[in-house]
Amino acid sequence: MALTIVILNQQSLMVARQIQAALPDTLIYGLESRIPAAEVEASFANFGDSLRQLFAEGQPIVGICAAGILIRTLASQISDKRQEPPVLAVAEDGSTVVPLLGGLQGVNELARQIAAALNVSPAITTAGDLRFQTALLSPPAGYTLANPDDAKAFISNLLSGATLKLEGAASWLSESQLPFAENAALTVRVTEYIPNHSPDCLTYHPKTLAISMNPRATDHPSALIAQALSAANLSPASAAVLVAPLNQAADPGVHAAAANLQVPARFLPAASPELLARAAVGASGRLLVSEPDYAIAVADLPLDPASIGQPQGQLAIVGTGPGSAEWMSPQVQQLLQAATDWVGYSTYLDLVEPLRQGQQRHDSDNRVELERAKLALNLAAAGRSVALISSGDPGIYAMAAAVFEVLETPEPAWEQIQIQVAPGISALQAAAARVGAPIGHDFCAISLSDILKPWEVIERRIAAAAEADFVIAFYNPLSKQRSWQLEQAIAILRRYRQPDTPVLLARDVGRPAESVTLRTLATFAPAEVDMRTLVLIGSSKTRTIAHPNGVWLYTPRRYDL
Ligand code: SAH
């Protein structure tokens with residue numbers, strides 16, 4: 001997580017920059033009234049509020065100020081030492097580095113790095129850390145301390161001179177400066193097995209177990225795995241990964257069992273549980289349990305699940321709304337962030353480009369919708385997390401239907417993908433919102449594009465909708481290739497509706513070039529319309545209300561008005 005250096009005056013800037021140069025991902029925050037905004041990454045007005053907010057967010061903090069200022073500011077927030085982020089005070093002249101809080105989050109290590117950058121010795125006061133150069137309480141990633149409640153007494157025994165022995169293997173322990181001795185009274189043990197409890201032994205569970213299963217074998221996969229571990233006396237804390245055959249990646253049981261174990265589910269080409277477990281731990285691993293429906297294998301070092309097979313592929317078909325980010329749902333924003341790959345028409349990808357953080361773009365032309373849908377499905381089948389991007393709502397004249405059209409001729413690999421559709425605000429809703437409530441009563445949408453459906457069908461539908469007195473939204477009203485359809489559509493409407501029927505032309509709604517124009521059936525001219533316009537035709541009830549800056553357009557819900 002990024003380190004934030006908080007400074008209160010310009011003299012501190014040099015020391016801050018020295019620290020920043022040595023530690024990647026460091027931001028400098030300056031007090032607005034004393035340090036010009038251009039000289040720092042961000043400014044704050046209120047020191048106390050800003051510091052408490054950073055602390056509450058769990059951000060590591062370096063204050064270039066007196067330790068007392070930090071202590072007094074954060075005092076009311078200090079409650080849980082397992083949660084608190086590292087907080088350090090550094091003297092304004094860089095002569096001292098004092099770790100204050102966050103012992104379990106590596107504050108002493110941070111203090112050493114900062115002190116090295118400033119060429120001074122850190123003022124480390126945690127006796128256990130000083131003596132042993134290792135934090136027994138916060139083991140490195142891949143190891144879990146099974147009995148933290150025993151650690152305090154254990155460490156104080158060490159501090160009063162007791163020695164310890166190591167059972168099992170872990171270089172972070174064997175290479176530490178802990179006082180190892182033969183025949184020691186205390187023990188640190190590294191094991192996958194559930195220990196008999198003893199306050200004289202700290203047990204660390206390494207995440208070395210790969211558990212494989214055949215999800216079709218049971219209705220209760222979580223219980224099956226829990227029983228399998230318990231029968232072998234293995235700790236769930238040592239589970240690193242759940243592996244299953246790729247052709248069962250969509251099985252909810254696998255995901256339930258993985259969630260229950262708090263490990264990722266990964267998938268390998270179909271094979272027996274024994275072979276899957278062996279494949280997951282690699283050649284240096286060993287098989288511990290092999291049953292027809294599950295197997296457990298152990299690796300010699302903690303496993304990296306990301307390097308095993310692939311995850312279940314994800315396809316999120318998202319609608320980004322008509323334009324501006326404020327009209328994009330939080331769900332869509334979250335899915336865009338979580339994706340590894342973005343697939344879409346270049347214009348829509350460009351609209352969301354400011355949100356891109358490392359996702360791979362797969363641009364395509366507007367026309368090739370089915371190919372685009374296949375590309376998205378194939379990427380997801382290979383284990384990627386794909387966002388297929390439409391503007392507006394993805395289910396309205398957009399990519400969701402293209403995906404399901406492709407899925408009508410299924411491929412086995414696609415059946416293992418998790419597919420979801422995330423809705424968006426459609427152009428129709430956005431245009432209506434700009435002028436009042438024109439779709440307050442029955443309405444319909446008709447696409448004037450005759451690329452995928454015959455013009456005769458469209459004509460009949462317009463006539464039927466006009467006769468039924470719907471408010472009508474025309475999507476895809478015209479394009480360079482389709483110039484005459486809108487004119488014809490209007491001619492049909494004129495047979496059923498009065499010349500003074502309101503017609504709304506909403507172009508680029510929610511985008512910088514937005515324009516919204518009100519006409520009537522009589523004054524309407526297709527020349528004002530292009531493919532970025534939504535045309536909304538009022539019903540016989542749709543009316544306007546004048547207001548000082550223009551008119552509202554609305555369709556009453558009642559027929560007695
Ligand atoms: N899925 C989109 C519609 C795609 S069809 C949605 O739900 O909005 C493309 C048509 O939608 C365009 O020809 C135009 O008629 C309309 N449209 C899309 N975005 C628009 C916008 N920002 N302003 C006005 N019309 C828009």
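Not measured: the values here are computed from a predicted model. Remember, it's 1-based here, ligands and their atoms both numbered in the order they're listed.
- The side-chain contact (heavy atoms from CB on, under 4.5 Å) with Phe474 is formed by just one residue from the set Ile458, Leu428, Leu486, Leu534; it is Leu486.
- Between the side chain of Trp342 and the backbone N or O of Leu336, at least one donor-acceptor pair lies under 3.5 Å.
- Within 4.0 Å of ligand 1, counting heavy atoms only, the contacting residues are Pro322, Ser391, Gly392, Asp393, Ile396, Tyr397, Ala398, Ser426, Ala427, Tyr475, Asn476, Pro477, Ala506, Asp508, Val509, Arg511, Met531, Arg532, Thr533, Leu534.
- Annotation: Phe470 is not in aromatic contact with Phe443 [ring centroid separation under 6.0 Å not met].
- Around CD of Glu57, the count of heavy atoms belonging to other residues, nucleotides or ligands within 6.0 Å exceeds 12.
- Under the 3.5 Å distance criterion, the side-chain polar atoms of Gln310 are left unmatched by any main-chain donor or acceptor of Leu268.
- Phe267 has its ring centre less than 6.0 Å from the ring centre of His255.
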